[in-house]
Amino acid sequence: MFLDGRQYYFISFIIIALAVCTFIFSFERRKPKAREIVVLAVMTTIAIVSRVMFFMIPEMKPSAAIIIITGAMLGKQAGFLSGVLTAFFSDFVFGQGPWTPWQMIGFGLVGLGAAIIFYGRESLCENRILLCGYGFFATMLIYGLLMDTATVFMSVDQPTKEAFIDAYLAGIVINCIHGITTVAVLWFLSRPMFHKLQRIKIKYGMYYRMKS
């Protein structure tokens, strides 16, 4: 009634505001420097561009892999915020809609999960099999299932168990494509990007110090 069909914009901005506030609050005690914000902004921009570049190929998007690398190297708040902002800004190309908040939460949780598992653990970050395994199942079971659930809520007035099952089964192929793309990008780009970020963090004293 009050937002005239634009409520998804309002919800998206609320999610961004909460994510930004959480990010800022968590860094409040140690006073984050501009260099840390710049690194996060660059990683988020790479994720946005990588999603937009492949707009003609459904679900073959490298963005989830970039978000996972961001979370694994920069921490929970950075991983979640990168996912939220990637979905929001890239949807200005794909089209904003009621699916946007779902995508924001989905990508944010993928980045958050990567940080919980890999952040501060050098041996795990270097294990490409484990990293790729997380990338595949995160895009399948976190982002994929969340978006399939959103499809049901956006397409039917009274969701039923059968509707959810049909949506999950119909989304298996698309989710697999997304997962395989994420695995491929992580396999080839994770180590080079980890090493670049590690050098930046050691040189400028950012986040935590990893052994060379």
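These values consider heavy atoms only, across backbone and side chains, with no hydrogens, waters or symmetry-generated copies.
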- Item | Within 6.0 angstrom of Leu169 CG, more than 12 heavy atoms from elsewhere | yes
- Item | Shortest non-hydrogen contact from Ser63 toward Thr86 | CB-CG2, 4.2 Å
- Side chains of Met193 and Ile66: closer than 4.5 Å at any heavy-atom pair? yes
- Message: Treating Lys61 as the side-chain partner and Phe54 as the backbone partner, does any N or O pair qualify as donor plus acceptor under 3.5 Å?
- Response: yes
- Message: Counting only heavy atoms from other residues, nucleotides and ligands, does the tally under 6.0 Å from CE of Met140 exceed 12?
- Response: yes
- If we only count heavy atoms from C-beta on, is the Phe136 to Thr182 side-chain gap below 4.5 Å? no
- Item | Atom CZ of Phe188: over 12 foreign heavy atoms under 6.0 Å | no
- Message: Does Met154 have more than 12 heavy atoms from other residues, nucleotides or ligands lying within 6.0 Å of its CE?
- Response: yes
- Item | Side chain to side chain, Met43 and Leu197, heavy atoms closer than 4.5 Å | yes
- Task: Classify the angle between the aromatic ring planes of Phe164 and Phe153 as parallel (below 30°), tilted (30 to 60°) or perpendicular (above 60°).
- Result: perpendicular
- Message: Is it the case that the side chain of Ser82 and the backbone of Gly79 share a donor-acceptor pair, with hydrogens and angles ignored and the cut-off at 3.5 Å?
- Response: no
- Do Asp148 and Asn175 come close enough that some side-chain heavy atom pair is under 4.5 Å? yes
- Plane angle bin for Phe118 and Tyr134 - parallel if under 30°, tilted between 30 and 60°, otherwise perpendicular: perpendicular
- Non-hydrogen atoms of Val152 and Ala163 that approach each other most closely: CG2-O, 3.6 Å
- Query: Is there a donor-acceptor contact under 3.5 Å from the side chain of Gln96 to the main chain of Phe88?
  - Reply: yes
